[in-house]
Structures are given as C-alpha cells and as structure tokens.
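To start, the structure under review is shown below, and the notes come after it.
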Amino acid sequence: MPPKGKKRGRAALTAPKEPDFKDARSELQGESKRPKSQRVEMKSLATGNVAETSGVEARAEQDRNKRVHTHWLMKSEPESRFEKGVDVKFGIEDLKAQPNQTACWDGIRNYQARNFLKDMKAGQEAFFYHSNCKEPGIAGIIKIVKEAYPDHTQFEKKDPHYDASSTKEKPKWFMVDIQFMRMTKRFIPLAELKLHHQAHKISGGPLKDAALFTRQRLSVQPLTDEQFAFILSLEEEKH
DNA sequence: GCCAACGTTGGC
DNA sequence: GCCAACGTTGGC
C-alpha cells in the first residue's frame, strides 16, 4: 500500500515561522473577515472547555477536529515543470500509473493546506484538480486511504521541498496517501466552474464561496457536501 | 511570459 | 506588531 510518492504541488521553498492557526480555521464561514475582536472571542470560546491542554498547536488540532469537512479538492500539475532540477509533474495519469493507483501527497509547504491535510479522514473523497497547465480543471476523483503522517521529503536534502528547519522529532510537514477512484465523466474546466461561481454569487448557489475562488492559491481545500454534489452534477451535462 | 493575488519575511 | 518588500501560485 504505501505508495512511492511523486513530487508534486507547489510550495514555498523557504521555511516560514510557525503560523497563525486562527486564520486556518473556519475559512468557509468567512471567519477571517470578522473584526479582530470577534475573532479573539471565538478563539477563546473554542478553547475554553479544554483545560487540560495548552499550546497553540494542541488547540488548533482540537479546533480542527470539530470541523466537519467531508470533501476536498487537491491541485497538482499535469505538465512538466522543474523545481531545483526536479520535475514536479504529477497529473491524474501519473497517479493511475502508480502501484495500486495510490500515491502520497507530498511537498505541501503551506500551513493552511497542511492543516487541511491533517483534517482528512480515510475514505473521504476529493477532486483531483489539474493546475498550472493548458486547461486547468477537475480531471477525476480520488480517495483518502491513509491519514496524515510526516512528509519524508522535508528531511531529504536533495528534494525541492527540503526544509532544514524541520526535525524528525517534531516534523513540520505532513502528507496523506490518496488512491485513484475514477476519472470524472468529462473534464470539468475551471472556466466553467468560474461561470457557476459568478452566477452563484448572485443566486446564492453552492459555489458562491468555494475556496477555489475565495482562496485562490490554496492547493488543498475543503468542499462542502453541497459543493461536491453540485460539481458532480456537472458531469452529466453535455458540452 | 505577464502579472494579480496573496503568503512570508524582516526592518523598524 | 505593523507593513513594505519579496517570492510563489497559477490563470490567462
């Protein structure tokens, strides 16, 4: 099962300071747009009933455990691009070619994306999204088959995503294993999703606040049940 | 290849 | 702790 991972994803090559977890919380509820004072209050509410634990990390983990993200969208690049001499290409066809059609999702070096990886539960489904390519959009459906564990590439000096500031005792970056489920019945282009997003902003439809548009650069993002179902329904349309 | 969006860094 | 400069993401 443990797949041999392929390099993928784009991420900061530098090693940023440990982040601010509050911004990673409740993105879909638009919490980050609240005034600071309100955010602080929510934070203490969220942590007030956990007297035992302390520390930003532990609280953030508990906050995440309360969240109910059921579906995901994961971006990967299907066309060759070299990062520190290494090709980071990993399209859905590359996933299909892996042993067991399974791979580890390594190379994520953004805290918010990492936190979403940690939220993932085995069995949950995600869209496999092709980014930074001729035609960006959703190509297929994958399933989480192994929950978050340390990303080994952070310790490998030659890896484009090596992070000198991380230790095996306290790894900074995590990955999950995912397995190919199926191609979508047709490729669903970003341009089409964007049209729905625009329409839904007016009608109040499910893509109104989809992270794909509101968190433009996030490479691992949650979808609500409604968003996932809506996008799936687009498969049936003729184009 | 351009460049808007946006996350991170570091000076103050 | 603010915020300008910088670097990356990723569509077009």
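A note on names: the letters A, B, ... follow the listed sequences, proteins ahead of strands, and every chain is numbered from 1.
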Length of the CD-C1' vector between Glu135(A) and dG10(C), whole Å = 15 Å
Presence of Arg109(A) side-chain N/O under 4.0 Å of dT8(C) phosphate oxygens OP1/OP2 | no
When you check the phosphate oxygens OP1 and OP2 of dG11(C), does a side-chain N or O of Tyr129(A) lie under 4.0 Å from one of them?
-> yes
Report the distance from atom CD of Glu77(A) to atom P of dT8(C), rounded to the nearest whole Å.
-> 13 Å
Over how many whole Å does the gap from Leu218(A) atom CG to dG10(C) atom P extend?
-> 8 Å
Integer-rounded Å distance: dG7(B) C1' and Ile108(A) CD1 | 14 Å
Cation-pi between Lys168(A) and Phe155(A): NZ/CZ under 6.0 Å from ring centre and within 45° of the ring axis?
-> yes
Arg81(A) CZ to dG10(C) P, in whole Å, measures 9 Å
Decide whether Thr153(A) and Arg109(A) meet the rule of one side-chain donor and one side-chain acceptor closer than 3.5 Å.
-> yes
Going by atom types alone, do Asp209(A) and Thr214(A) pair a side-chain donor with an acceptor below 3.5 Å?
-> no
Counting just side-chain N and O atoms, does Lys194(A) come under 4.0 Å of either OP1 or OP2 of dC12(C)?
-> yes
Testing dT8(B), dG7(B), dC12(C) for proximity to the side chain of Tyr111(A), the answer is dT8(B)
Could you please name the option among dG10(C), dA5(B), dT8(B) that lies closest to any side-chain atom of Gln216(A)?
-> dA5(B)
Which nucleotide in dC12(C), dG10(C), dT8(B) has an atom nearest any side-chain atom of Asn110(A) | dT8(B)
Return the value, rounded to whole Å, for the distance between atom CD of Glu83(A) and atom C1' of dT9(C).
-> 11 Å
Tyr111(A) pairs by ring-ring contact (aromatic ring centres under 6.0 Å, His included) with which of Phe174(A), Phe116(A), Trp173(A)?
-> Trp173(A)
Below 4.0 Å: OP1/OP2 of dG10(C) and any side-chain N or O of Lys75(A) = yes
Looking just at side-chain N and O atoms, do Glu83(A) and His161(A) make a donor-acceptor pair shorter than 3.5 Å?
-> yes
Interatomic distance, His130(A) NE2 vs dG10(C) P [rounded to whole Å] = 14 Å
Glu79(A) CD - dG11(C) P separation (whole Å) | 11 Å
